[in-house]
2 protein chains.
Amino acid sequence: MPEPAVKLRDVARLAGVHPATASRALNPDTRLLVSEDTANRVLAAAAELGYQPNAVARSLRTRRSHTIGVLIPDLNNPLFPPIVRGLEDRLEADGYVALIGNTDGDDARERRVFEQMRARHVDGYVLATAHLRNPLLTEAIRAGVPVVLMNRIAEDNSLPSVTVDNERGVRMAVSHLTSLGHRDIACIAGPQDVSTGLARYRGFRAGMAAAGLEVPAHRLAFASAFSIEEGYRCLRQILAAGRPCTAVAAGNDMLAVGCYLALDEAGLSCPDEMSVVGFNDMPFINMLRPPLTTLAFSHYQVGTQAARLLLERLSGGAGPAKVLYLTPELIVRGSTAPPARLPSYFELKKSGRGGP
Amino acid sequence: MPEPAVKLRDVARLAGVHPATASRALNPDTRLLVSEDTANRVLAAAAELGYQPNAVARSLRTRRSHTIGVLIPDLNNPLFPPIVRGLEDRLEADGYVALIGNTDGDDARERRVFEQMRARHVDGYVLATAHLRNPLLTEAIRAGVPVVLMNRIAEDNSLPSVTVDNERGVRMAVSHLTSLGHRDIACIAGPQDVSTGLARYRGFRAGMAAAGLEVPAHRLAFASAFSIEEGYRCLRQILAAGRPCTAVAAGNDMLAVGCYLALDEAGLSCPDEMSVVGFNDMPFINMLRPPLTTLAFSHYQVGTQAARLLLERLSGGAGPAKVLYLTPELIVRGSTAPPARLPSYFELKKSGRGGP
DNA sequence: TTGTAGGCGTTATCAC
DNA sequence: GTGATAACGCCTACAA
């Protein structure tokens, strides 16, 4: 036998006032419209009855759902849980809740989830999935719903966004490798239609150029997704070219993990025969053998800052879109070392003595 | 300039019918009340205008929010993302969305999140946090809101639940270890106030008893949480007792990872000097060195089944609570091996020749 | 088969 | 400062 919920009416009756007055007393913004005495009576009555405002009715009236739609590629990517936690924790502080939608990188699914959220009248969106050109963006904006980008930026910086300084991060990675003595450095770049993939690739080229090093095509591979499988495929491809390299900069940690698999398969040891550097400092990546050298930043903070930017918009903040860049930090672990003096895998292979 | 949303009224006008008729035509359950011809006209009009029913208004009227509250300890625990994905995917198929709340094992926070969800009129709860005795349970039930337990069971099996067969799993683990030749097996048990921790500990005792082995107190430690830190602390404690053991069964993979750290610190190699077995087969646990032997089950399926159980209740299904046990599968990887013939760490230590 | 009317619980806009 | 009233968008007896 479910207990009947207590409503505003009941509180008002107990306090001996009209529901409208009770509403005013209960709402922080309008409390000053009501005499302190009445306000206290109402508050007391509400407390006594354990009154909880009906958020649904309130939403219908105020046209604000206090709900945010969050689109991410896949919660299973360890990068996202901490980001989502940051987002939720910050939103909660302002009475908002997040609706999480996974798109699996599938446009159709993304659209479905987006519509689903629109039907639920979310007050804003946080998108971690945006391709550089994404119809959803223009659509949301046309509907007057605030949008913040996370881990992504818009081509023209027209949207509030939070991201790590990807370009700078990869330059740091390259500089780390060159200072160890590496000159033949391969690159596994992420998808070039998302800003992260693009910026990191640009950082790689810039870092190499600054060191006066070439980037021959056979040391370059483009992953079609930030996945372990693609990392594996790409490094295999580079190894198959049969030209020597002593280090590889991966577009993110998942790709780097794929590199580990390819190296295992090829019988190459990391870091002795091949250094690997990733990006993101994903949870648990420090537990691998060898622990991965990578670029760290506060994932949690990406979430909290994105929430902050959105809340700013929701409370009427206008003005040009802010684009926040977090500073990456190079975490040197066991996957990078000076290049071996020994004849490299590739030379052994040429002389027919080794390799798979 | 936000576009005005299109409402039922607009669809009705375009189709030349009354809003009530349009409502009936649009709602699958009532479509048969309307002539096929009108229904088609309405559907066409809705499509043309891109009509999306206002979920908020609908909720207020029908008193169903099509929203489910999901309480988990922490999304950062890699066990949960796949479970949550399963849950969300299954719920989505029936038009429900999940509100995820992290409790961080904190009762006050759990209550806050729970109330927050109640205010939003969630239609049901899925709890992965429930302690054996939890006031929230009785409260939700009294309010007439369906509850399903996930990865947990109620003391008296009074609530629908989905869980892996924990006891059986640990018995399998122990049997694996004994068949390798281990006899001196330590146990790091999880918290005993959650069903998971309790059932696995029971499984351990049952497995040992079946093998005719003793469980001396110095080979037993109770973790206060399923965390890496606690796993580390507990194995240190067991090692400090200075009595030989050749294998350890950890209450879950996080605890097992903590064991890895303690072993590293003690200069003990796994599996040569100490076998370790976990529970859960968490994502990425197979990438550790050595890859962890553990008990696997489909996390995703825990989510989908919990969703199924809840949806059953929501659509009026009554009857006794179903308790679903998934079958665990032992995944033998590199962290377990026969006990070394060599003098063990402990003996070396006693004779003063080794150890940290 | 379709139209009418009322209400879900709250808040905004009037009066007083 | 407080009360009355209407409306948010939809659904559903009930009437026709």
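Order of the sequence lines fixes the chain letters, A, B, ..., with proteins taken first and strands second; residue numbering starts at 1 for each chain.
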Judged by nearest nucleotide, the residue sitting upstream toward the 5' end of DNA chain C, Ala57(B) or Thr62(A), is Ala57(B)
Base, sugar-phosphate alone, or nothing: which one does Leu8(B) contact when heavy atoms must sit under 4.0 Å apart? sugar-phosphate
Salt bridge or not for Glu36(B) and Arg31(B), using N-O below 4.0 Å? no
Taking atom P of dT2(D) as reference, at what distance in whole Å does atom CZ of Arg13(A) sit? 19 Å
Residue pairs passing the ring pair (Phe, Tyr, Trp, His ring centres under 6.0 Å) test with at least one member in residues 72-98 of chain A, sequence neighbours excluded, are His66(A)-Tyr96(A)
Specify the separation, in whole Å, of atom NE2 of His121(A) and atom P of dG9(D). 8 Å
Short question: side chain of Thr62(A), backbone of Arg58(A) - any donor-acceptor pair under 3.5 Å? yes
What verdict does the side-chain contact (heavy atoms from CB on, under 4.5 Å) test give for Ile100(B) and Glu88(A), after you've listed the backbone C-alpha separation in whole Å, the side-chain angles of each residue and the deciding distance to 0.1 Å? CA-CA 9 Å; Ile100(B) 312 296; Glu88(A) 287 181 335; 4.1 Å; yes
Cut-off 3.5 Å, side chains only: do Arg152(B) and Thr196(B) have a donor facing an acceptor? yes
Are Thr103(B) and Arg111(B) close enough that a side-chain donor and a side-chain acceptor fall under 3.5 Å? no
Nearest whole angstrom, please: distance from the P of dC10(D) to the CG of Leu60(A). 9 Å
Please write out the pairs of protein N or O atoms and N or O atoms of nucleotides 3-6 of chain C separated by less than 3.5 Å, giving the distance to one decimal.
{"from": "dG3(C)", "atom 1": "OP2", "to": "His18(B)", "atom 2": "N", "distance (Å)": "3.1"}
{"from": "dG3(C)", "atom 1": "OP2", "to": "Thr21(B)", "atom 2": "OG1", "distance (Å)": "2.5"}
{"from": "dG3(C)", "atom 1": "N7", "to": "Arg24(B)", "atom 2": "NH2", "distance (Å)": "2.7"}
{"from": "dG3(C)", "atom 1": "O6", "to": "Arg24(B)", "atom 2": "NH1", "distance (Å)": "3.1"}
{"from": "dG3(C)", "atom 1": "O6", "to": "Arg24(B)", "atom 2": "NH2", "distance (Å)": "3.4"}
{"from": "dG6(C)", "atom 1": "N2", "to": "Arg61(B)", "atom 2": "NH1", "distance (Å)": "2.5"}

Phosphate oxygens OP1/OP2 of dG9(D): is one of them under 4.0 Å from a side-chain N or O of Tyr51(B)? no
Would you kindly give the NE2-to-P distance between His66(A) and dT10(C), to the nearest whole Å? 14 Å
In terms of side-chain heavy atoms of Lys7(B), which of dC8(C), dT10(C), dG9(D) is nearest? dG9(D)
Pair Leu137(B)-Leu159(B), side-chain contact (heavy atoms from CB on, under 4.5 Å): steps then yes or no: CA-CA 9 Å; Leu137(B) 294 183; Leu159(B) 289 170; 4.0 Å; yes
Report yes if a side-chain nitrogen or oxygen of Arg9(A) is closer than 4.0 Å to either non-bridging phosphate oxygen (OP1 or OP2) of dT10(C); otherwise report no. no
Which residues in residues 31-49 of chain A have a heavy atom closer than 4.0 Å to any atom of DNA chain C? none
List the atom of Ala25(B), the atom of Ala39(B), and the distance in Å for their closest heavy-atom pair. CB-CA, 3.9 Å
Hey, is the side chain of Arg58(A) poking within less than 4.0 Å of OP1 or OP2 on dT11(C), counting only N and O atoms? yes
Let me see the working for Val302(A) and Thr163(A) under side-chain contact (heavy atoms from CB on, under 4.5 Å), right down to the final yes or no. CA-CA 7 Å; Val302(A) 169; Thr163(A) 176; over 6 Å; no
From CZ of Arg120(A) over to P of dC10(D), roughly how many Å is that when rounded to an integer? 15 Å
